[in-house]
Amino acid sequence: MLKEEILKTLRKKQGQSFKELQGISDDINQLSRSLLELEEHDEIFRNGDGYYVIDEEKYHLGRIAVNRKNGLHIMVEQYVLPIDPKHDDFLYPDDDVIYLINRSKARIIKVIRHNLVYITGKISINHHQLSFEPLREYYTRFKLVGKNKTELKNGEIIRCYISNYERREITIDKILGDENDPDVLVESILSGFDVPRIFPKKVLLEADSFDREITLDKYRDYEDLTGKMLVTIDGDSAKDFDDAIYVERNDQGYRLIVSIADVANYVKPLSNLDIEARKRGTSIYYPNAVIPMLPEELSNDLCSLMPDVNRLTMTCDMVISMAGDVLDYRIYEAIIRSHYRLTYSRVNRFYEGEDFEDKELSDMLKDAKALSDIIERKRKENGCLDFASTELDIRMEGKEVVDIRRRESGIAEAVIENFMIKANETVALHLHYLDYPMIYRVHDNPKPDKIVAFADFVGRLGYTFKGNKLALKLSQLSDCLNSFIGSDEYEVVSDNLLRSMAKAKYSTQCLGHYGLGLSDYCHFTSPIRRYPDLIVHRMIKKYVIKKDYSEMDKDNSLNEQAALLSNMREKIATQIERDIDDLRMCQYLENYIGYVFEATISSVTAFGFFARLDNGIEGLVHIKTLAGYYEYEEGRLYSEEGSYELGQRIKVKIMAVDKLKRNIDMIALKSQRRQNKLARNKPKK
């Protein structure tokens, strides 16, 4: 009878917790037994958050997101699933929900939790009337309440917390400062995500408690690599050096040593440092600043592979053939003594002909390039995708943005990237083969319809794939991308292909990395700034080095939780970095209102298109600014007079920037549209 009542209750309302179901019966033990029996017979199911549903196949867990046009949706792999407007009255971005799919839309069954806590915005006072303007347009639904509103000034940026979700009420949490102060605008972005900037005292005390003296006598289980010429190669302004390399020729090909800072020796599970690092998930980098995952006592000192001091490392020692295959390898703990702190710019000058005085160093760097070329050739044989870099070099003097240009990558950067990828692959392959608990970096295959759309796009540019578009191989996509290198269309083709890909993520399942063309891959090389790398080091220490197999089930479960949390923190960090970059772009273009620039159409939407200046800055040309009536089809806007197409070169004028909302508005000069007689495809009737 109780089982029937449970089923009846869940049919009326899916996704109920045990506590909610206690209203059915006062006998908690009997309720527990009935729920367990129903689960055992697959009549009900419990999702990942412990909520009971009847049909596991129909009901899904998801997280609410908001797009540029302020529409709510759920991301399902690469797909955007719109939300039925009938069910979004009390939904907020980042809500965790249970939903079912009904006619290609998400029908929300239950909001599990609201994750949105803070909203930032600007105060405007007009004729003694105070209004609150959120920095994200969707949050205009909220109403500011509280007695301290009279303390506010016109143009102040404030952070509010949501005091009542049902009534959409927000209350002032703190005043950040004046809207014209760029630092206040950066703070508004960070505050909106509640990013911790200061480490708790107990975390700092723990970081400062370690013995700074590292000797072979104290660490007898560590191998001595202090005699090897290991060097670090990083950016000019880098302060944390978490990887060092060594290369030598041998009879089989090359020996490559990749030594990574042994962060796991200091950051133990459930320590204060570990709890804080897990919460942060990753370091966050933006122009002239970093919010580190670990305190500087570790990230910039004890775990930084500085020259001429002993440091503990986790080392991947590989023998690589002239064909790029790993013939043998060992993964072990080692003490190293970096011989040089090299920079990308200096090593690139070496490869351009500016030699080093140390002949041994020069010879090793020559071997490093030769080995890197072999590894890269092997990667390309596997069909890896080398996307065009869209990273910007934003140069600042104090609070002012003085220049923005594309970040250039040379031979030195390629050498380190190839070596790190090879180490990551080798470590992942080893732990996967032994079936030890692990966190992998995975990248799923793209959806066929996305690839078909990409094939249609490059077809308009004159590139034709052989065979069935629904069954294109990675090598075919790689060949296509490489064929555009050096052309005006390369960057937009790269962008389009990248948007066709699934998102890389962390997982305890070894699902392979599609973009790299690898069946085994993980993140092993940056434990100073990424929590999953730290977990990988712990698994190596526990299972490979100590051979302690007593807690495999427990570690599998903990790793799964860590992977989910790391995915979430990575997404937040990426959004913060993009938002601050967008702010700095607006700040820079404030001085260029009315100026005309060459640009490339980088993406096309139904409401206009985005144009990318040659220095990498993007802005929106809204469809309402185009003379005439334009219709949208994949990759272009067209009218009877002409069209604007993805990849097309045009001239644009900067019309306005909004630093608060980080928008850049442009107009296209009329003479720049492509005439239909010159278009590759005529508009569809």
Side-chain angles (χ1 to χ4, degrees), residues 67 73-82 101 103-105 377-390 442-505 511-519 521 600-606 609-610 612 630-638 643-649 674 676-685:
N67 62 21
H73 64 269
I74 294 172
M75 287 300 300
V76 182
E77 297 177 344
Q78 302 120 288
Y79 285 100
V80 172
L81 184 65
I101 300 174
R103 295 183 180 179
S104 300
K105 290 186 178 180
R377 187 164 56 248
K378 180 71 173 180
R379 287 178 57 211
K380 288 182 177 178
E381 287 175 3
N382 292 338
C384 69
L385 297 173
D386 286 326
F387 295 105
S389 174
T390 56
V442 302
H443 185 219
D444 202 0
N445 292 4
K447 295 297 181 183
D449 63 327
K450 294 278 188 178
I451 297 303
V452 169
F454 171 75
D456 290 341
F457 162 64
V458 294
R460 295 198 295 272
L461 298 179
Y463 188 93
T464 303
F465 285 103
K466 294 180 180 179
N468 187 354
K469 293 178 185 179
L470 288 169
L472 292 178
K473 296 179 181 178
L474 177 62
S475 58
Q476 290 176 279
L477 296 175
S478 179
D479 290 343
C480 170
L481 183 57
N482 293 336
S483 74
F484 284 94
I485 293 177
S487 71
D488 291 339
E489 292 92 354
Y490 172 56
E491 189 172 290
V492 74
V493 170
S494 175
D495 284 353
N496 195 282
L497 182 56
L498 182 59
R499 281 193 284 264
S500 303
M501 296 290 109
K503 301 294 183 184
K505 62 182 179 181
L511 305 174
H513 196 293
Y514 180 84
L516 293 174
L518 300 174
S519 58
Y521 196 67
T600 302
I601 297 178
S602 55
S603 63
V604 181
T605 72
F609 59 82
F610 288 87
R612 181 178 294 151
Y630 280 81
E631 294 190 48
Y632 169 76
E633 70 175 17
E634 188 70 32
R636 70 175 181 167
L637 294 171
Y638 66 90
S643 63
Y644 291 97
E645 302 182 23
L646 194 61
Q648 183 180 334
R649 292 287 290 173
R674 178 171 288 151
N676 283 337
K677 62 180 180 180
L678 299 177
R680 292 181 175 88
N681 286 342
K682 292 183 179 180
K684 293 179 179 178
K685 297 289 186 182

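The residues of the chain are indexed from 1 along the displayed sequence. Note that the structure is predicted; figures quoted are calculated from it, not measured.
- Scanning both residues, L474 and G383, for their nearest heavy atoms gives CG-O, 2.8 Å.
- From D456, atom CG reaches atom CG of L461 across 11.5 Å, with rounding to the nearest 0.5 Å.
- F387 is listed as a side-chain neighbour of L481, based on a closest heavy-atom distance under 4.5 Å.
- Scanning all heavy atoms of the two residues, the minimum distance from H443 to G515 falls at ND1-N, 2.9 Å.
- Remark: the backbone N or O of G467 is not paired with any side-chain donor or acceptor of Q476 at under 3.5 angstrom.
- For the side chain to side chain contact (heavy atoms under 4.5 Å, CB included) with L511, the lone residue among V442, D444, N445 that qualifies is V442.
- Side chains of F457 and V493 form a contact here, defined as non-hydrogen atoms less than 4.5 Å apart.
- How far CD of E645 is from CD of E634: 12.5 Å, rounded to the nearest 0.5 Å.
- The two atoms that bring K469 and L472 nearest to each other are O-CG, 3.5 Å, heavy atoms only.
- The aromatic rings of F465 and Y463 stand perpendicular to each other, their planes meeting at an angle above 60°, with 30° marking the opposite boundary.
- Scanning all heavy atoms of the two residues, the minimum distance from R636 to S643 falls at NH1-OG, 4.2 Å.
- Across all their heavy atoms, L477 and Y514 have their closest contact at CD1-OH, 3.3 Å.
- With a 4.5 Å cut-off on side-chain heavy atoms, K380 and D386 count as touching.
- If you look at Y630 and Y632, their ring centroids are not closer than 6.0 Å.
- In this structure, L637 CG and E631 CD are separated by 10.0 Å, a value rounded to the nearest 0.5 Å.
- Scanning both residues, S478 and C384, for their nearest heavy atoms gives OG-O, 2.9 Å.
- At a threshold of 4.5 Å between non-hydrogen side-chain atoms, the residues E633 and Y638 count as touching.
- Rounding to the nearest 0.5 Å gives a distance of 10.0 Å between CZ of R379 and CG of L385.
- Atom CD of residue Q648 and atom CD of residue E489 lie 11.0 Å apart, to the nearest 0.5 angstrom.
- One finds the OG atom of S603 at 5.0 Å from the CZ atom of R499 (value rounded to the nearest 0.5 Å).
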Check against side-chain contact (heavy atoms from CB on, under 4.5 Å), I451 and M501: CA-CA 8 Å; I451 297 303; M501 296 290 109; 3.9 Å; yes
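- Contact of the I601 side chain with the Y644 side chain is registered, since non-hydrogen atoms from C-beta on lie closer than 4.5 Å.
- Neither side chain, T600 nor R612, offers a donor N or O lying under 3.5 Å from an acceptor on the other.
- Contact of the S494 side chain with the F484 side chain is not registered, since no non-hydrogen atoms from C-beta on lie closer than 4.5 Å.
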